[in-house]
Asks: 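The structure is given below, and queries will be raised subsequently.
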Amino acid sequence: MRLGGKVAIITGAARGIGRGIALRFAKEGAKVGIVDLDVAQCQTVVDDIKSAGGDALALGADIADEAQVERTVTKMREQFGVVNVLVNNAAVMPAGPLHLTTPADFDRCIAVNLRGTYLMCRAVIPGMLEIGKGSIIHMSSVTGILGLPGLAAYSATKAGLSGLARAMSTDYAWQGIRVNAVAPGTIDSPMLHDFLAAQQNPEPLRQQFDAMHPIGRVGQIDEVASVFVFLASDESSFVTGATYTVDGGLSVKGEQPQD
Ligand SMILES: NC(=O)c1ccc[n+]([C@@H]2O[C@H](COP(=O)([O-])OP(=O)(O)OC[C@H]3O[C@@H](n4cnc5c(N)ncnc54)[C@H](O)[C@@H]3O)[C@@H](O)[C@H]2O)c1
């Protein structure tokens with residue numbers, strides 16, 4: 001029970017990596033708030049957690065909407081007490097070269113990935129200040145470190161989230177709140193499956209995703225969730241302002257010319 005006594009909100013937790021983090025947090029003893037646009041799926045995750053003996057609350061909300069964010073944090077506090085862990089995982093990913101991205105898509109990407117994270121932080125921090133303790137973890141991505149084609153708006157928000165973690169850590173370190181970010185490489189997730197399913201010839205592409213990571217494969221959801229458990233727990237009590245890459249070596253890989 002590495003997260004006993006933790007009251008954690010996880011955004012975008014109805015599916016994919018967020019769901020995986022929620023299940024692991026509950027298994028480690030945290031009470032978990034499942035925030036997502038997909039209300040029905042939030043409840044399914046809560047049912048899964050409860051049937052495994054954990055405790056959780058479904059909180060359907062759009063994190064880009066200030067009033068919904070405030071309501072979400074209030075409901076969580078009424079149910080479980082002060083929120084002392086926040087995982088900012090929800091994101092959208094408009095794809096394509098920048099000049100073909102619509103202003104509406106660009107704005108929504110900023111509104112969810114960056115401003116939504118800001119709104120969630122703004123809503124939980126007063127409670128964390130009351131108790132003098134908290135851990136906030138932003139979901140960044142290797143695309144916030146590396147240039148990968150077709151992801152300009154998304155990559156800008158992911159780089160922004162690491163910057164936000166660094167700056168926020170200096171604001172709150174002395175008040176007991178730690179702020180970190182995690183930057184995964186490609187993860188075997190519904191997002192990847194959807195992307196591959198939309199391709200004409202997915203198998204060679206899947207192999208390329210595996211091969212581009214020096215470890216020789218894409219990551220698993222649980223391998224990302226493990227790092228979130230560490231950063232949410234008191235085991236990481238001296239860690240703040242960091243961005244942890246969980247990318248099988250992708251972001252540090254160099255290339256040598258081949259014969
Ligand atoms: N899958 C990968 O390979 C990968 C790699 C690096 C980083 N990431 C990051 O990990 C996180 C999760 O990725 P995933 O693959 O599980 O994505 P996903 O698309 O499967 O899940 C994202 C969830 O966020 C929810 N969401 C979107 N907008 C929302 C909003 N405004 N309010 C509330 N909920 C909202 C969606 O409904 C969805 O359930 C994202 O931040 C993503 O950028 C993913």
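Remember, it's 1-based here, ligands and their atoms both numbered in the order they're listed. Side chains included, hydrogens not; waters and symmetry mates left out as well; all remaining heavy atoms used.
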Asks: Under a 3.5 Å distance rule, please check whether Asn180 uses its side chain to pair with a backbone N or O of Val239 as donor and acceptor.
Replies: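 Checked: pair present.
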Asks: Check Asp188 with Arg206, please: is the shortest side-chain N to carboxylate O separation under 4.0 Å?
Replies: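 A salt bridge is present here (some side-chain N lies under 4.0 Å from a carboxylate O).
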Asks: Backbone N or O of Met139 within a donor-acceptor pair of the Lys158 side chain at under 3.5 Å?
Replies: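 A pair under 3.5 Å: yes.
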Asks: Val39: which other cluster members, linking ILVMFWY side chains closer than 4.5 Å, directly or transitively?
Replies: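 Noted: Val39 shares its cluster with no other residue.
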Asks: Working to the nearest 0.5 angstrom, can you tell me the gap between Phe228 CZ and Ser135 OG?
Replies: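 Phe228 CZ to Ser135 OG: 10.0 Å, rounded to 0.5 Å.
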Asks: Is the shortest distance from a Lys or Arg side-chain nitrogen in Asp234 or Lys6 to a carboxylate oxygen in the other one below 4.0 Å?
Replies: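 A salt bridge is present here (some side-chain N lies under 4.0 Å from a carboxylate O).
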Asks: Who's touching ligand 1 if we go heavy atoms under 4.0 Å?
Replies: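 These residues qualify: Gly12, Arg15, Gly16, Ile17, Asp36, Leu37, Ala61, Asp62, Ile63, Asn89, Ala90, Ala91, Val92, Arg108, Val112, Met139, Ser140, Ser141, Tyr154, Lys158, Pro184, Gly185, Thr186, Ile187, Ser189, Met191.
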